[in-house]
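One structure is given below, encoded as structure tokens.
No experiment lies behind these values; they were computed from the predicted model shown. Throughout, a chain's letter reflects where its sequence line sits, starting with A, and its residues are numbered from 1.
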Amino acid sequence: MSSLAKELSAAAGAAFEGMGLEARFGEVRRSDKPELADFQCNGAMAAAKAAGKNPREIAGEIAAKLKAHALVLSAEVAGPGFINLRVSDAALSARAEGVRGDAMAGGEKAGDAQVTVIDFGGANVAKPMHVGHLRSAVIGDTLQRICRFAGDTVISDVHLGDWGLQMGHLVTELEDEQPGLVYFDAAYTGPYPKEPPVTIEDLGRLYPQASNKAKADEARNERSQKAVAEMQAGRAGYRALLRHFIDVSVEELKKDYGFLNVSFDLWKGESDVDHLIPGLVERFKQAGLAEESDGAWIVRVAKDSDKKEMPPVMLVNSRGGTGYHTTDLATIEDRMENLTPTPERMLYVVDQRQALHFEQVYRAAGMLGLIAEDRLEHIGFGTVNGPDGKPFKTREGGVLRLADLNTMALEEAFRKIEAAGKLPEDMGEEERFDVAKKVAVAALRFSDLMNTRTTNYVFDLDRFTSFEGKTGPYLMYAAVRIKSVLRKAAEAGHVPGEVAVTEDAERALVLQLDGFGAAVLGAREKRMPHILCEHLYNLAQAFSSFYAALPIAAETDGAKRVTRLALADAVRHQLETGLDLLGITVPERM
RNA sequence: GACUCCGUAGCUCAGCUGGAUAGAGCGUUCGCCUUCUAAGCGAAUGGUCGCAGGUUCGAGUCCUGCCGGGGUCGCCA
């Protein structure tokens with residue numbers, strides 16, 4: 001059984017069609033006014049406008065038809081043409097049982113499932129991840145979970161930045177420090193040592209060193225650029241170093257991503273498509289899309305309809321090198337030709353500031369026929385800001401490493417848990433640590449996801465790790481409390497059973513449960529995880545109200561007790577399912 | 001300068017294709033633990049939706065113009 005809202009929408013839609021009006025006017029949603037109705041339909045007014053008829057008359061006819069529907073208790077017209085609906089207790093009871101017994105906890109599959117690549121573009125080899133990477137990781141991972149849940153075939157790709165100037169910086173800086181390494185002997189062709197010549201700490205030190213020097217010294221910068229060009233041309237020693245750099249970095253990246261419950265199907269990078277670039281450039285030239293300009297090869301992607309300036313795609317720069325325009329295009333080609341099944345859509349979860357870059361790449365990809373332009377989507381997001389409203393920095397003014405952020409969250413979560421002193425006495429060290437870790441991840445992920453994706457937000461660790469308010473830990477606590485109630489009830493021999501809803505608090509809870517599917521699909525369609533966050537928070541709140549208002553396991557009336565236990569179990573199921581989509585796991589107790 | 005995002009309660013933010021008295025959280029002030037986790041619940045407080053026009057039965061939402069803030073704008077990714 002699908003959601004009540006969906007059933008009612010279908011019925012109302014049919015009623016509108018029966019009057020020769022569009023079915024879309026029949027959309028039914030939760031009522032804004034719980035004291036007046038369970039659900040409402042506002043379509044009569046829009047339909048009346050479109051058809052030039054009286055809205056109250058249309059609403060009256062629709063309401064009359066809806067009254068005959070099995071789920072409907074009452075249907076009334078109010079105001080200028082609102083249709084207020086109440087559903088029967090029996091309908092709510094059946095819906096609650098449906099949610100409880102459903103593998104998707106009341107969620108629904110999307111009608112337009114697609115093979116979708118999710119590109120997390122951002123993590124760079126040799127550069128430690130910083131707070132900015134938190135968003136791409138968390139938003140991208142949540143989208144991949146939501147899309148899979150809704151039926152999409154998702155292929156996620158971390159898409160490492162392993163092919164730019166930073167590689168040149170690393171190579172040259174390492175050469176300055178250890179000129180004797182075989183990698184720098186141009187005459188030597190291998191084999192190269194298996195063991196990397198650097199550690200992650202070395203990489204973290206070398207890159208900023210070189211980068212700072214290059215900023216101050218143009219000759220130094222050119223050396224790095226030259227090294228990149230040579231690497232791109234295939235110099236064996238440099239390639240071997242690149243492999244080492246990537247391996248060392250990936251090991252480190254996996255720790256940070258792992259802490260946040262973020263995973264990928266593919267650990268590809270820009271360097272993986274290097275071999276495709278000459279052919280790709282040739283294709284652009286053959287197609288007459290590339291032209292030479294100031295010694296560079298560019299693709300003009302501007303359209304007459306453009307209101308803004310649209311710079312061309314830089315296919316090959318004047319030094320013969322290729323930048324990330326070209327590698328992104330080559331990556332699209334690679335995916336279309338080598339992934340199975342063939343992608344139908346690609347989502348790029350990358351900082352909003354790169355919008356123009358992706359617009360250019362998507363146009364070029366469409367022009368060459370790699371994939372239709374409208375199948376490529378930039379899922380941009382805002383920055384993580386400090387208390388001053390500017391991008392988050394450490395006290396010293398540097399960028400905050402993601403690893404340090406994770407540690408800070410973990411420590412703060414542990415501190416709060418200990419300060420509250422609510423953990424069970426018999427809980428051991430290991431379990432306490434596990435709870436703190438789950439709380440920290442819940443805090444970080446939820447606080448990021450609950451913000452509208454496209455806007456900036458202010459990072460406030462104290463607020464995010466709080467158990468009070470709209471936070472990950474609050475949601476986690478709500479779920480744990482339900483588990484505790486159910487566990488204790490079971491120990492007393494009380495188990496959930498047939499649902500027979502009677503109380504207002506019970507009705508409100510089921511009405512909230514009913515919205516899960518729409519929230520998940522809404523989050524997927526708009527690529528906006530905060531829609532799901534909002535639903536889950538409201539669900540947790542509805543449960544807390546229900547919990548405070550009515551006894552559950554302690555209820556003495558058997559029929560009421562099994563109803564409430566079943567409702568509690570349905571909420572637990574949906575909450576855990578939903579939180580899992582956000583990458584948040586719920587401990588057994590806390 | 002062009003383009004783009006944003007401006008809603010003291011603070012941080014929701015507000016779906018225009019719909020009923022604009023909603024949460026935090027904060028502040030009151031209540032509520034002899035009952036299932038009070039890390040909770042209930043209530044109160046708090047808004048000229050940046051400003052000015054326009055479209056219409058109806059605008060936080062759509063259009064125009066201003067004001068204020070962030071971001072981007074061919075060889076760094």
Discussion item. For A77(B), does the base pair up with any side-chain atom of Asp351(A) as donor and acceptor (N or O, under 3.5 Å, distance only)?
Written reply: no
Practice prompt. Kindly assign one of parallel, tilted or perpendicular to the pair Tyr207(A) and His169(A), based on the angle between their ring planes and the thresholds 30° and 60°.
Written response: tilted
Discussion item. Can you tell me whether the side chain of Ser544(A) and the base of C41(B) have a donor-acceptor pair closer than 3.5 Å?
Written reply: no
Worksheet item: Looking at the side chain of Lys526(A), which of U72(B), U37(B), C16(B) is the nearest nucleotide?
Response: C16(B)
Worksheet entry | Strand partner of A38(B), provided both Watson-Crick or wobble distances fall under 3.5 Å | none
Worksheet item: When you check the phosphate oxygens OP1 and OP2 of G15(B), does a side-chain N or O of His530(A) lie under 4.0 Å from one of them?
Response: yes
Item to complete: State which of C75(B), C16(B), C36(B) makes the closest approach to the side chain of Ala554(A).
Response: C36(B)
Discussion item. Rounded to whole Å, how long is the line connecting atom CG of Asn451(A) with atom P of G25(B)?
Written reply: 16 Å
Item to complete: Provide the Watson-Crick or G-U wobble partner of G27(B), both distances under 3.5 Å; none if there is no partner.
Response: U45(B)
Worksheet item: Relative to each other, are the rings of Phe392(A) and Phe459(A) parallel, tilted or perpendicular (30° and 60° limits)?
Response: perpendicular
Practice prompt. Could you check whether Arg319(A) gets within reach of a base, just the sugar-phosphate, or nothing at all, counting any heavy atom under 4.0 Å?
Written response: sugar-phosphate
Worksheet entry | For G7(B), the Watson-Crick or wobble counterpart (both distances under 3.5 Å) | C67(B)
Worksheet item: When rounded to the nearest 0.5 angstrom, what distance separates OG in Ser74(A) from CG in Asp38(A)?
Response: 7.5 Å
Worksheet item: Is any N or O donor-acceptor pair between the side chain of Gln40(A) and the base of A20(B) shorter than 3.5 Å?
Response: yes
Worksheet item: Donor-acceptor pair under 3.5 Å: do we get one between Lys49(A)'s side chain and the base of G58(B)?
Response: yes
Worksheet item: Under the criteria of a ring-centre distance below 5.5 Å and an interplanar angle below 30°, is Phe82(A) stacked with the base of A20(B)?
Response: yes
Fill in: Glu76(A) and Arg86(A) ion-paired at < 4.0 Å
no
